[in-house]
Every structure is written in structure tokens, then in C-alpha cells.
Amino acid sequence: MNVFSHLSEVIHREIEELCGAGALPAGLDLSAVQVEPPREAEHGDAACNAALVLAKQARRKPREIAEHLAERLQERTEIRSVDVAGPGFVNLRLTDDFWWARLAELLATGPGYGADDLGQGQRINVEYVSTNPTGPLHVGHARGAVVGDALANLLSHMGFAVTREYYVNDAGAQVDTLARSVHARYREACGETIGAIPEGLYPGDYLVPVGEALAARDGRRWLEEPESVWLPEVRNFAIDAMMGLIRDDLDALGVRHDVFSSERALVAEGRVDDAYASLESSELIYRGVLEPPKGQRDDDWEPREQDLFRATRFGDDTDRPLRKSDGTWTYFATDIAYHRDKIERGFADLIDVWGADHGGYVKRMKAAVAAISNDSATLDVKICQMVKLLDDGEPVAMSKRAGRFVTLRDVVGEVGRDVVRFIMLTRRNDAPLEFDLRRVLEQSRDNPVFYVQYAHARACSALRRGAELVPETELTPAALAGADLTCLDDPAELDLIRRLCQWPRVLAGAALAHEPHRIAYHLQELAGAFHLLWTRGKDDARLRFVDAERPAETRARLALISGVRIVIAEGLALFGVEPVQEMR
RNA sequence: GCGCCCGUAGCUCAGCCGGAUAGAGCACUUGAUUCCUAAUCAAGGGGUCGCAGGUUCGAGUCCUGCCGGGUGCGCCA
């Protein structure tokens with residue numbers, strides 16, 4: 001049960017009955033009525049703003065509405081007390097019995113607690129990573145990869161039918177550059193002396209084995225041919241090699257996709273022409289000349305008539321070109337076709353996870369989605385800000401131009417997949433992220449990965465200990481659900497139960513807002529409440545989790561611990577992180 | 001010049017479609033270990049929520065204008 005949804009339903013019903021009884025006018029709009037955990041614990045277990053939001057439309061004083069509502073809520077058995085506070089908040093305090101029943105419910109559900117059917121099978125497409133197939137992934141890419149993957153996990157957990165997608169930019173000039181770079185390495189592999197890699201080609205060493213593999217497959221046949229002959233062949237070979245590299249990188253991170261969509265295929269199948277024709281038939285394309293861009297050196301600028309998409313009709317700042325001067329499509333044009341393709345495949349909800357450098361494209365892409373779907377599809381773009389890589393507080397130099405950048409593989413090798421994944425989710429996507437290679441391995445309070453993992457390990461440890469000292473009890477969650485929990489009456493214990501019971505609400509909020517980082521914060525708070533209780537047991541023997549002299553209390557406490565373990569494990573699973581059983 | 005993101009404690013950041021006395025960690029000061037892992041916990045100080053207006057019963061949150069930082073700006077992707 002989502003406690004807050006439950007209370008919200010109860011309150012909605014009570015208000016409607018108040019309307020029916022004439023205490024309030026009929027036909028009130030209750031959409032703004034909310035029940036949420038109050039910031040201050042003294043305000044109770046749940047607070048409702050109904051009286052404040054309804055006062056105006058009901059033309060009553062907030063406190064008067066609150067008093068009416070409080071009077072009715074008082075009658076309910078699960079509610080211990082109701083207070084009208086401040087300007088008209090209705091603060092609810094639930095009985096201990098209610099909370100114990102929720103803990104039992106959590107245990108009876110076991111893994112999957114908090115899962116819901118919010119999405120009701122609604123299809124949603126999450127596109128992430130989508131880096132150009134020109135080299136290995138670096139740490140910056142890891143952020144988008146993890147955010148997209150965790151978001152997809154979360155949405156799937158909450159009842160959405162999620163498709164995880166990677167858009168392969170295998171058309172355009174950059175893959176030609178890739179092909180030329182590989183050809184240089186190929187000549188090298190064939191025994192030619194190539195010297196320094198020419199300016200404008202990719203210099204990275206990762207292309208050396210690709211050149212060698214090409215030589216091994218095709219021998220010397222591309223040495224004497226003109227570029228126009230070898231380029232398409234080498235390009236295909238190189239793209240395959242790069243995608244293999246990228247997939248391996250993603251594997252190392254535990255990130256997977258259901259669909260890889262090829263830009264080249266999209267163009268070849270005429271899908272861009274289709275999208276163009278569709279926009280044209282809606283009279284959203286015209287021949288026009290754009291203003292020169294300001295604030296940057298524009299030596300080469302000359303006014304030119306182009307095919308322009310009326311993006312300004314949909315909130316963009318300027319209309320956008322669809323064709324380059326050589327007649328080929330712009331990146332934006334193929335991207336429109338790609339998003340149109342997603343919509344035609346039956347997705348009304350699209351999420352794109354992009355890097356910070358694409359921030360300027362959000363408006364035009366949203367405009368395009370609105371245009372091609374007649375406003376029936378939504379696009380949410382999650383921009384992931386930069387990752388600042390540090391080593392014990394000192395910035396780690398990264399230079400893509402010199403072909404020297406910290407690869408994802410290096411970082412995963414250094415600190416492990418789980419650490420990378422968790423850290424990438426500890427910030428809002430639009431806030432920059434510091435990633436300190438040294439600090440994320442520290443075993444201390446300020447390392448969130450450790451702190452949460454340690455709580456899980458401690459819970460496991462106590463359960464192991466319980467199995468030793470009270471061998472006659474079964475300690476599976478299902479068995480513990482039947483325990484007598486009434487001794488869990490210490491404020492710290494009840495506080496922990498309440499936090500566990502917020503899990504469904506946290507998941508729902510994170511899923512609807514597309515904000516997986518909220519889970520990381522909740523896990524940290526939960527771990528904190530658990531660590532606190534653990535230490536309390538040192539001062540106060542009555543609160544110790546495992547005590548062979550008192551098997552009934554031990555059973556109840558192990559039930560609580562089992563709940564903690566389940567929720568932390570659930571959260572980590574959504575993040576794709578393996579919970580640890582013990583710290584070493 | 002324009003767009004987008006950000007501006008909250010000394011530092012790094014939360015703050016959930018506006019809600020009550022603005023929170024956490026780090027750092028600093030002090031304390032807790034014969035006992036389930038002290039790899040932890042507790043207590044304390046620390047704020048004009050960038051600035052100024054506005055909307056509202058109520059603004060860190062919404063609107064407008066400034067200031068500061070980041071990022072991007074026809075045919076590159």
C-alpha cells in the first residue's frame with residue numbers, strides 16, 4: 001500500500017461526503033488536494049493541504065473546512081489523532097498498529113515492494129547514449145548511459161512498457177573521417193610508414209587494432225584503390241568495429257538497449273524524405289534565408305536560401321534548416337525523421353537523454369515532435385551536465401583533441417561498475433557532477449555508495465547472526481511478516497518503519513518526474529535511520545537487534561531489518577547495482 | 001547579441017506540479033567502542049535561498065528585470 005495514496009483517497013472521499021452533507025458546496029475541484037509527509041516530524045505522519053486549497057472555491061475559512069474534515073477523520077480506526085495546525089493544515093498521526101501492519105505488508109510482498117502499475121502498460125521510449133560510433137565511451141558518456149538505464153528500469157518497474165533505444169549516427173561526415181582514420185591505420189598495418197596521423201583524422205590508438213583487423217580480413221586490396229572505392233567498405237567495417245567497442249563498454253557498465261536504430265538505414269529507406277513530405281504537406285517548410293549567428297566569428301557567413309522548418313511556430317527561437325548546401329540532409333532533418341519513426345512505432349511518450357553540449361537542440365527537437373505528431377506526443381529531454389573527474393580533489397586532465405581522454409573502461413576498471421553507476425545517480429541530471437576516483441572508494445560517511453552498501457551489509461550481518469542465535473525461527477521475509485511486531489515501539493524504530501513505507505511514494509514520484517536521483521537520496525536517508533538505530537543498540541541493550549534471551553523481540557527486530565534490506569536491495573537493483581552481503 | 005541550464009551554510013549538494021521554524025554530508029568543536037562490523041552514531045555553531053520588484057492567505061519554488069557562472073549558436077555531429 002502506498003500510505004499517502006491511501007490517505008489521499010480517504011480524504012477525497014470524506015470531502016465528497018462533506019459536500020453531500022451540505023457542509024461544503026458541491027462540485028469542488030480536488031485536484032490540488034495533497035497528502036504528504038510533513039517536513040517536521042512533530043507535525044505528524046501525514047499532512048493535508050485540503051482546507052487551504054479549497055478555501056477560495058468553497059468560500060469558507062480554511063480553518064473551518066479543516067475542522068470539519070478533522071472531525072470526520074477522527075472516526076477512522078487507523079488514525080490516532082488529527083490536528084488542525086498553522087493556517088489550516090490537517091495533520092494526521094497514524095496508530096502504531098497501522099504502521100506495523102504496513103511493515104508486515106512490505107515483508108509479505110518481499111522483492112517488488114513499491115512496484116506499481118502507474119504506467120498501465122503505456123509504451124514509452126527511452127533513448128540514451130547514442131554517441132557517434134567514432135571511438136570508445138568516456139566518463140561523460142557514462143552519466144547519460146546510467147541515467148537512461150536507471151530511468152528505464154524505474155519506469156518499467158512502475159508499469160510502463162519501456163523500449164530502450166540507441167540511435168546510431170552512422171551517416172554523415174564523421175563516419176567518413178572515421179573511415180579515413182582507419183584506412184591510415186590499415187596502411188600502417190600493411191607495413192607502410194604513415195608518420196603522424198594527419199590533422200583532421202582521429203589519432204587515437206584504439207584504431208590501431210581496427211586497421212590490423214581490416215588488413216587481416218582484406219589483405220592489401222585497398223592500398224592501391226582510390227578513396228571513392230575503398231571508403232564505403234572501410235566505413236562499414238569501421239562502424240561495425242566501433243559499435244562493437246561501444247557495446248563492450250556498455251556491457252562493462254551493465255547498460256543494455258533493446259533497439260539500435262541506424263541513421264544510415266533511415267536515410268536509405270527514404271524515411272527522411274517521408275518526414276520532409278509530411279512537414280511540407282502541413283505547410284511547415286518554406287524557402288528562406290536565416291539571420292547570421294551573432295557573437296561568434298562569422299568570416300565564412302554568406303546569406304543563403306534554404307529549406308527551413310517553421311520551428312518558431314512551436315516555440316523555437318528561429319526556423320531551422322533541413323538541407324545542407326550540397327543538398328544532403330542536416331542532422332536535424334534526420335533526427336526529425338528518427339523521432340517521427342519512434343512515434344509511428346507507437347510511442348506517444350519519448351524521453352531523450354543527452355549530453356550537456358546538446359542543450360541548444362532541446363527546443364527545436366520538441367518543436368519537431370510537436371509538429372510531426374500534431375501535439376499528440378510528448379518529448380522530455382534529460383540533459384546530463386558535465387562530469388568533473390577528480391583524483392583526490394585534483395582535476396584529471398582530459399583532452400579529446402590529443403586523443404587522450406579517460407575512457408569509461410578505465411574508470412570502471414579502477415573503481416568498479418557498481419560505484420560508477422551509483423555515483424552517476426547521486427545528482428540531479430541538470431546539475432554538474434564531481435566524480436572523485438579516490439573518494440568514491442573511501443569507506444566513510446561522505447561516500448554515499450559505501451554508506452548505503454554498508455547499511456545493507458549490516459542488515460545481512462544481523463540476519464546471519466539471528467539465524468545462528470535463534471535457529472528455531474524461520475527468517476525469510478514471508479515468515480517474518482507473521483511476527484508479532486508490537487515491541488517495535490521505540491520512536492527510532494517507528495521512524496524507520498515510516499521511512500520504509502515511503503518507498504512506494506518515492507518510486508512513484510521519481511518515475512513520474514523522470515528523476516531517478518531521488519531514489520539515491522532516499523536510500524541514503526534510510527541507511528542513516530538504520531545506522532542510528534544500530535548505534536542506539538550499543539547504548540541501550542533493549543534495542544539490540546539480536547538477543548538469544550528474547551527470541552520474540554529478536555524476531556520483530558529481524559523483521560524490521562529484513563524490511564530495510566529489501567528496500568535497499570530494491571533501490572540498488574533499479575540502479576543496476578549489486579547489493580553487498582558483507583564489507584571486506 | 002540570443003537561447004538553454006545553474007546560483008540555497010566555508011565546501012559539495014537535496015528541497016518531490018507554492019505550504020508551517022529552509023535540510024543533509026563534508027569541514028570545525030565536543031562526546032559515545034568489554035556489547036549484532038565505531039567502516040558507525042550523537043550534540044553544537046554556521047543562511048538576507050545571487051539582487052530588486054511582482055502574483056498569492058502563503059514564494060527557495062511561479063512571473064518580470066538585472067548580476068554572476070556554465071554551455072551552445074546556418075551547411076559539424
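Below, chains carry the letters A, B, ... as their sequence lines are ordered, and counting in each starts from 1. Only a predicted model underlies this, so the values are computations on that prediction, with no experimental measurement involved.
Distance A:R439 CZ to B:rC11 P: 15 Å, rounded to the nearest Å. Rounded to an integer number of Å, the gap from NZ of A:K366 to P of B:rC4 is 11 Å. Taking atom CZ of A:F89 as the reference point, atom P of B:rG19 lies 8 Å away to the nearest angstrom. The CG-C1' distance, from A:D430 to B:rG15, rounds to 14 Å in whole Å. Across the protein-nucleic acid pair, A:Y166 atom OH and B:rA77 atom C1' stand 13 Å apart, rounded to whole Å. Between A:Y331 atom OH and B:rG72 atom C1' there is a gap of 14 Å when expressed in whole angstrom units. Distance, A:R427 CZ to B:rG70 P: 20 Å, rounded to whole Å. Between the CG atom of A:D540 and the P atom of B:rA42 there is a distance of 15 Å, rounded to whole Å.
Side-chain atoms of A:R518 lie closest to B:rC16 of the nucleotides B:rG19, B:rC35, B:rC16. Listed nucleotides B:rG72, B:rA38, B:rC26 differ in distance to A:D357; the shortest reach to its side chain belongs to B:rG72. You'll find that the side chain of A:R465 is closest to B:rC36, out of B:rA77, B:rC41, B:rC36. Considering only side-chain atoms of A:A431, the nucleotide from B:rA14, B:rC5, B:rG74 that sits closest is B:rA14.
Nucleic acid contact class of A:A47 (heavy atoms, under 4.0 Å, all strands): base. Heavy atoms of A:P432 sit under 4.0 angstrom from primed sugar atoms or phosphate atoms, though from no base atom. At the heavy-atom level, A:V546 lies under 4.0 Å from base atoms of the strands shown. Nucleic acid contact class of A:Y521 (heavy atoms, under 4.0 Å, all strands): sugar-phosphate only. Using a 4.0 Å heavy-atom cutoff across all strands shown, A:L52 reaches at least one base atom of the nucleic acid. Using a 4.0 Å heavy-atom criterion, one finds that A:R39 contacts the bases of the nucleic acid, with or without backbone contacts as well. If you check every strand for non-hydrogen atoms under 4.0 Å, A:E582 touches a base. Residue A:Y451 is in sugar-phosphate contact alone, with no base atom involved, counting any heavy-atom pair closer than 4.0 Å across all strands shown. Using a 4.0 Å heavy-atom criterion, one finds that A:A173 contacts the sugar-phosphate atoms exclusively. If you check every strand for non-hydrogen atoms under 4.0 Å, A:E525 touches nothing. Note on A:R458: only backbone sugar-phosphate atoms sit closer than 4.0 angstrom, heavy atoms only; bases stay farther off. Counting any heavy atom pair closer than 4.0 Å across all strands shown, A:D539 reaches sugar-phosphate atoms only and no base atom. Residue-level contact check: A:S325 touches the bases, meaning some heavy atom is under 4.0 Å from a base atom. If you check every strand for non-hydrogen atoms under 4.0 Å, A:A85 touches a base.
Taking atom P on both B:rU48 and B:rG60, the two are 14 Å apart, rounded to the nearest angstrom. Rounded to whole Å, the separation between the P atoms of B:rG10 and B:rC28 comes to 16 Å. Nucleotides B:rG58 and B:rG19, compared at atom C1', are 7 Å apart to the nearest Å.
Using the Watson-Crick or G-U wobble rule with both distances under 3.5 Å, B:rC62 pairs with B:rG54. In this structure, B:rG74 makes no Watson-Crick or G-U wobble pair, since no nucleotide meets both defining distances under 3.5 angstrom. Across all strands shown, B:rG10 forms a Watson-Crick or G-U wobble pair, both distances under 3.5 Å, with B:rC26. Using Watson-Crick or G-U wobble geometry with both donor-acceptor distances under 3.5 Å, B:rA20 finds no partner in any strand shown. Partner assigned to B:rU40 is B:rA32, using Watson-Crick or G-U wobble distances below 3.5 angstrom.
Taking the six-membered ring where the residue is Trp, A:W329 and A:Y276 present tilted rings, their angle falling between 30° and 60°. Ring geometry for A:Y521 versus A:H517: interplanar angle over 60°, hence perpendicular rather than tilted (30 to 60°). Ring-plane geometry between A:Y451 and A:H531 is classed as tilted, the angle between the planes lying from 30 to 60 degrees on a 0 to 90 degree scale.
The side-chain ring of A:H358 is not stacked on the base of B:rG72, judged by centre separation under 5.5 angstrom and plane angle under 30 degrees.
Side-chain N/O atoms of A:T330 include none lying less than 4.0 angstrom from OP1 or OP2 on B:rC75. In this structure, A:W534 reaches the B:rA38 phosphate: one of its side-chain N or O atoms is under 4.0 Å from OP1 or OP2. Distances shown here put every side-chain N or O of A:R505 at or beyond 4.0 Å from the OP1 or OP2 atom of B:rC16. Contact between the side-chain N/O atoms of A:R428 and the OP1/OP2 oxygens of B:rA14 is found at a separation under 4.0 Å. Contact annotation: A:H517 reaches the phosphate of B:rG15 (side-chain N/O to OP1 or OP2, under 4.0 Å).
A salt bridge is absent between A:D45 and A:R93: the closest approach of a Lys/Arg side-chain nitrogen to an acidic carboxylate oxygen does not fall below 4.0 angstrom.
Remark: A:E36 CD to A:F4 CZ distance equals 9.0 Å, nearest 0.5 Å. Annotation: the span from A:Y128 atom OH to A:H141 atom NE2 amounts to 15.5 Å, rounded to 0.5 Å.
The backbone N or O of A:D392 lies less than 3.5 Å from no partner atom in the side chain of A:R439, so there is not a single donor-acceptor pair.
Counting atom types as modelled, A:N91 pairs a side-chain N or O with a base atom of B:rA20 as donor and acceptor under 3.5 Å.
Each of A:K538 and A:P37 was matched to the nucleotide of RNA chain B holding its nearest heavy atom; the match closer to the 5' end belongs to A:P37. In terms of position on RNA chain B, the residue among A:Q581 and A:G528 whose nearest nucleotide sits closer to the 5' end is A:Q581.
No hydrogens or angles considered: nothing links the side chains of A:D430 and A:Q385 as a donor-acceptor pair under 3.5 Å.
Between A:F545 and A:W534, a ring centre-to-centre spacing shorter than 6.0 Å is recorded.
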